[in-house]
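Structure first, commentary second.
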Amino acid sequence: MESKVKYQYTYFIKPFFIKENTYEKYLLSLIKSEKYSLKIFEKEKDFNLYSFFFQNIREYFFPSFSFDKRKISQLNSFNNNIKAKILSKLHCNIFEYKLDKKIQGKISDENGVFFNIEKIEIICLDTGVCFLVIKTNIDNTENFSDLLDFNYKFKDINSDFSKLKDYNNIKIQTDMFANMSDISKFIDKITGVNHNTSKLDLYNKRFFVYTYVCIDQENWNKDEDFNNIEQDFLRYSNVLPNNSTLNFNIQKPQKTIEVVEQFKYAKFGFTKQSASLMTSNIDINNYTNLLFEYENEYLYTLLISLYQRICLKRIENELKNKQNMEKVRIEFLKFAKEIWVTEITNSLTGTIFYNKWKQVFELEQLYDELKSRYDIIYKELNIEKDTKLNKTILTILAVSILLNIVNLITIIKIT
């Protein structure tokens with residue numbers, strides 16, 4: 001019997017980069033646009049988020065928590081150029097895309113899958129790393145298979161893979177975008193601010209998939225064991241379509257994904273390309289608290305970890321060119337001082353999640369390898385400098401000795 005969906009949403013996340021030294025200029029372009037508004041976090045309204053993270057994390061990723069009403073009013077009174085200059089001094093700014101209404105759409109494939117785009121945000125960091133975040137949910141269906149197919153197809157709508165033969169039957173139809181090409185252009189318009197970043201595209205223009213589903217308790221309860229739907233969970237966690245023929249029975253789930261079993265009727269999956277949470281509505285907490293925590297505190301836990309990975313991979317990429325050593329040194333020190341943190345929260349579940357993401361993204365290994373490579377290259381460059389300096393000194397000494405000999409011969413001849 002196919003699993004039935006009771007509650008569901010999926011966030012599609014696309015990292016992108018703005019050109020070096022253009023952070024203020026990019027912020028100005030968003031401020032001037034009528035389509036975007038700056039997201040302000042408030043202690044009372046966003047108390048769960050405020051109390052979840054340590055102060056240093058709040059100050060870096062949510063600086064508007066420190067804004068009082070006077071500061072917000074003052075900020076709004078400034079012209080756009082001054083506002084952009086003030087915001088550029090902050091590490092992180094989040095902008096919301098103003099949707100007049102939910103964007104409704106359809107992925108055409110036989111009967112098709114209807115969906116809504118509920119929220120679009122741009123998260124901008126002063127390192128030039130940004131994230132496009134799109135929240136969606138499927139509509140007019142309870143079939144778990146439709147969710148699998150939707151996540152699988154939507155993640156590729158802006159990728160090079162969507163042009164391949166296997167994806168020719170995908171058509172995005174929305175009341176805002178006429179077809180897949182239009183929504184792809186919309187995404188490109190946001191993320192295409194620097195066309196030289198393809199070298200560091202970790203996902204080949206694909207989205208990172210962050211997804212939640214609560215299925216009907218008929219499919220998962222005291223009598224219906226999770227093992228009966230384990231194959232669905234593994235397809236879900238690996239962002240595979242319903243008709244995937246990949247056989248997971250031949251291997252343990254741990255070898256495919258990282259799983260956290262923090263709750264009895266909730267399973268979390270972690271991969272380098274996705275985060276997934278499957279729950280049963282037999283537990284009321286799964287659709288009254290957990291689904292909100294997952295798209296707030298735990299979503300930002302992922303984004304912080306993903307941000308760390310991207311920063312490390314970018315430094316690693318720049319390290320390939322020895323001429324970038326001074327730039328690498330500055331970036332690496334900044335990363336180690338401001339971004340590389342061992343703890344971000346006192347929450348037990350939050351700590352488990354953060355440690356899982358560090359494990360999945362191999363952050364500790366990346367950091368250690370990068371530091372070792374930097375040390376080796378730095379020593380090599382210093383040796384080369386010392387060698388060149390020694391050669392220069394020897395040359396000067398040789399010339400000096402030669403001149404002294406010439407002068408001595410001249411003096412002897414004169415005398």
Side-chain angles (χ1 to χ4, degrees), residues 1-12 48 52 113-116 118 135-152 154-155 209-244 246-249 251-271 273-302 347-353 356-357 360:
M1 179 177 66
E2 179 175 358
S3 299
K4 297 300 179 183
V5 174
K6 302 300 290 184
Y7 308 94
Q8 177 277 329
Y9 58 76
T10 300
Y11 280 81
F12 293 94
N48 289 339
F52 183 83
V113 179
F114 291 87
F115 67 92
N116 297 313
E118 294 193 339
K135 182 185 179 182
T136 66
N137 64 13
I138 55 174
D139 200 9
N140 296 330
T141 181
E142 293 182 342
N143 297 329
F144 186 76
S145 58
D146 287 336
L147 173 59
L148 291 176
D149 290 339
F150 172 73
N151 285 350
Y152 173 69
F154 196 96
K155 71 177 170 60
V209 179
Y210 186 90
T211 183
Y212 162 91
V213 64
C214 182
I215 62 174
D216 195 294
Q217 58 186 288
E218 289 184 3
N219 304 114
W220 185 9
N221 52 53
K222 295 177 182 177
D223 300 318
E224 292 292 329
D225 192 79
F226 179 76
N227 291 335
N228 297 329
I229 57 172
E230 186 175 69
Q231 293 297 308
D232 281 342
F233 175 68
L234 293 173
R235 289 189 186 91
Y236 180 59
S237 297
N238 286 279
V239 199
L240 294 171
N242 182 59
N243 63 0
S244 171
L246 187 61
N247 185 4
F248 291 101
N249 291 326
Q251 54 187 347
K252 294 290 184 183
Q254 298 94 290
K255 293 183 180 179
T256 306
I257 55 174
E258 290 290 337
V259 179
V260 171
E261 299 181 3
Q262 186 70 3
F263 307 98
K264 185 174 181 181
Y265 291 102
K267 299 284 184 179
F268 300 88
F270 301 76
T271 77
Q273 65 175 5
S274 64
S276 53
L277 168 57
M278 177 183 280
T279 68
S280 168
N281 72 337
I282 193 172
D283 185 347
I284 191 174
N285 179 70
N286 289 337
Y287 58 90
T288 55
N289 293 317
L290 187 54
L291 85 166
F292 296 112
E293 293 171 352
Y294 189 68
E295 70 171 328
N296 287 287
E297 295 95 297
Y298 303 148
L299 173 60
Y300 283 110
T301 299
L302 158 73
S347 162
L348 174 61
T349 307
T351 300
I352 292 172
F353 277 21
K356 276 292 182 183
W357 283 124
V360 171

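Just the heavy atoms: all of them, side chains too, but no hydrogens, waters or symmetry mates, feed the values below.
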Check the pair Met278, Tyr265 against side-chain contact (heavy atoms from CB on, under 4.5 Å), reporting the backbone distance first and the verdict last. CA-CA 8 Å; Met278 177 183 280; Tyr265 291 102; over 6 Å; no
Derivation and outcome, side-chain contact (heavy atoms from CB on, under 4.5 Å), residues Asp139 and Phe115: CA-CA 5 Å; Asp139 200 9; Phe115 67 92; 5.8 Å; no
Give the intermediate values and the outcome of side-chain contact (heavy atoms from CB on, under 4.5 Å) for residues Thr271 and Asn238. CA-CA 7 Å; Thr271 77; Asn238 286 279; 4.2 Å; yes
Mind running side-chain contact (heavy atoms from CB on, under 4.5 Å) on Ile138 and Gln8 for me, showing each step along the way? CA-CA 7 Å; Ile138 55 174; Gln8 177 277 329; 3.4 Å; yes
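A donor-acceptor distance shorter than 3.5 angstrom exists from the side chain of Ser274 to the backbone of Ser237, with no hydrogens or angles considered.
Using modelled atom types and a 3.5 Å distance limit, the side chains of Asn48 and Glu293 yield no donor-acceptor pair.
Under the ring pair (Phe, Tyr, Trp, His ring centres under 6.0 Å) criterion, Tyr236 pairs with Phe144, not counting sequence neighbours. Take Lys356 and apply the side chain to side chain donor-acceptor pair (under 3.5 Å) test, not counting sequence neighbours, and it matches Glu258. For Asn221, there are no side chain to side chain donor-acceptor pair (under 3.5 Å) partners at least two apart in sequence or on another chain. Contacts of Asn219 classified as side-chain contact (heavy atoms from CB on, under 4.5 Å), with partners at least two apart in sequence or in another chain: Met1, Ser3, Lys4, Ile215, Asp216. Qualifying side-chain contact (heavy atoms from CB on, under 4.5 Å) partners for Ser145, counting only residues two or more places apart in sequence or in other chains: Glu2, Asn143, Asn242. In this structure Ser347 satisfies the side chain to side chain donor-acceptor pair (under 3.5 Å) test with no other residue, sequence neighbours excluded. Residues that satisfy the side-chain contact (heavy atoms from CB on, under 4.5 Å) test with Glu295, not counting sequence neighbours, are Tyr9, Tyr11, Lys135, Phe292. The side chain to side chain donor-acceptor pair (under 3.5 Å) test applied to Asp225 returns Asn227, not counting sequence neighbours.
For the pair Lys155 and Phe12, the cation-pi criterion (under 6.0 Å, within 45° of the ring axis) is not fulfilled.
Within the 4.5 Å cutoff, the side chain of Tyr210 has no heavy atoms near those of the Thr10 side chain. Counting heavy atoms from C-beta on, the side chains of Asn137 and Glu118 come closer than 4.5 Å. Using a 4.5 Å cut-off on side-chain heavy atoms (C-beta onward), Leu290 and Phe263 make contact.
Closest approach of Phe233 to Gly269, counting heavy atoms only: CZ-N, 3.9 Å. Nearest heavy atom pair, residue Trp220 against residue Ala266, reads CH2-N, 3.5 Å. Leu148 approaches Asp232 most closely through the heavy-atom pair CD2-O, 4.3 Å.
Checked options Phe353, Tyr212, Trp357; the residue passing with Tyr298 is Phe353 (criterion: ring-ring contact (aromatic ring centres under 6.0 Å, His included)).
Taking the six-membered ring for Trp, Phe52 and Tyr300 have ring centres at least 6.0 Å apart.
Judged as a side-chain hydrogen bond (donor to acceptor under 3.5 Å, both in side chains), the pairs with a partner in residues 279-291 (not counting sequence neighbours) are, in order, Asn285-Asn289.
Taking CG of Leu240 as the reference point, atom OH of Tyr152 lies at 7.5 Å (rounded to 0.5 Å).
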